[in-house]
Amino acid sequence: MSDPKLKQRMVRHSPSRGAGSPDVWGIYEPDTGSIQYVCADPATKQAALMDVVWNFDAKHYRFSTGSMDQVLELVQQQGLSVAWVLDTHPHADHVMAPAELKERTGAPNAIGAKVGEIAKIWAEIYNLPNAFDPARDFDRLFAEGETFALGELEMRVMLSPGHTLGSITYLCGDAAFTHDTLMQPDVGTSRADFPGGAASDLWTSIQAILALPADTRLFVGHDYGTKERDEPMWEATVAEHKAGNVHVRDGTIREDWIAKRKARDATLPLPDRILAALQINLRGGRLPPAEDDGRHYVKLPLNRF
Ligand SMILES: [Fe+2]
């Protein structure tokens with residue numbers, strides 16, 4: 001897609017619909033097609049940051065902080081204060097920022113409790129048996145159904161496995177941050193072929209999301225545009241997905257979707273930075289410890305995938 005809108009940073013505000021409903025800002029990160037979110041209680045101005053990207057130039061193996069700087073600038077401009085640094089799952093397409101954001105905001109960081117099981121799978125793949133310890137690297141590990149406060153609003157955790165075995169959806173009033181489950185209605189659904197992922201689990205997770213109230217605002221984790229659409233989009237209601245999601249709209253047969261999902265996933269290459277990103281993300285966004293020359297290195301399994 002040649003249109004510059006998919007190559008530019010972009011911010012959109014989805015305003016609170018009234019009592020109990022959060023203000024949401026989506027901040028599009030064009031390098032990885034990720035959407036980072038700020039979810040805020042309009043009454044207290046307490047905010048949760050979600051799935052913020054630590055920019056990683058995969059051609060030069062260099063980090064920069066433009067995306068997290070942009071998110072924190074928005075927080076400041078809106079007069080918000082950061083109460084939580086949240087991730088929905090250990091991301092494969094980008095490096096995560098929870099350690100750096102905790103350092104910069106003082107807010108606790110959190111992810112789903114099943115990230116421990118994901119870490120075991122990847123510890124074996126990397127042959128790094130003692131490297132990952134989510135309980136050490138995240139302040140909170142949320143279980144299914146757990147709730148926590150965002151100012152006067154309540155956030156609720158819904159386990160949404162399939163893309164990874166420990167992905168979670170964060171619910172806040174009429175907003176749900178579904179990350180890599182649904183894509184926009186004109187794109188469909190997310191892949192389910194990473195280690196620990198399963199299309200059958202993803203189907204169940206998506207059905208649970210689509211069982212939320214019809215006017216729930218669903219915020220997805222990625223958008224790459226389509227042949228017909230050259231501007232990134234990330235918000236649609238449950239009703240819009242049920243009426244028109246090209247993969248899972250009302251009437252879709254589970255087995256048909258699973259077969260289609262598996263066939264599509266079999267054609268997809270690994271995300272270009274997955275093997276570097278996951279060994280940082282599973283350390284809560286910390287680089288591997290420096291070696292005796294003071295430099296940090298990542299480890300890459302060869303002939304494994
Ligand atoms: Fe993902």
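Counting convention: from 1, in listed order, for ligands and their atoms alike.
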Is there a donor-acceptor pair under 3.5 Å between the side chain of Asn245 and the backbone N or O of Gly188?
yes
N, O or S atom of His179 closer to the Fe ion (ligand 1) than 2.8 Å:
no
Would you call the rings of Phe177 and Phe219 parallel, tilted or perpendicular, where under 30° means parallel and over 60° means perpendicular?
parallel
To the nearest 10°, what's the angle at the Fe ion (ligand 1) between atoms NE2 (His163) and NE2 (His89)?
100°
Of all the atoms in Asp93, is at least one N, O or S atom closer to the Fe ion (ligand 1) than 2.8 Å?
no
Heteroatom of Asp180 nearest to the Fe ion (ligand 1) (N, O or S, atom name)
OD2
Does the shortest distance from the Fe ion (ligand 1) to an N/O/S atom of His91 fall below 2.8 Å?
no
Is there a donor-acceptor contact under 3.5 Å from the side chain of Arg273 to the main chain of Phe56?
yes
More than 12 non-hydrogen atoms from neighbouring residues, nucleotides or ligands closer than 6.0 Å to CZ on Arg264, yes or no?
no
Return yes when atom CZ of Arg286 has more than 12 non-hydrogen atoms of other residues, nucleotides or ligands closer than 6.0 Å, and no otherwise.
yes
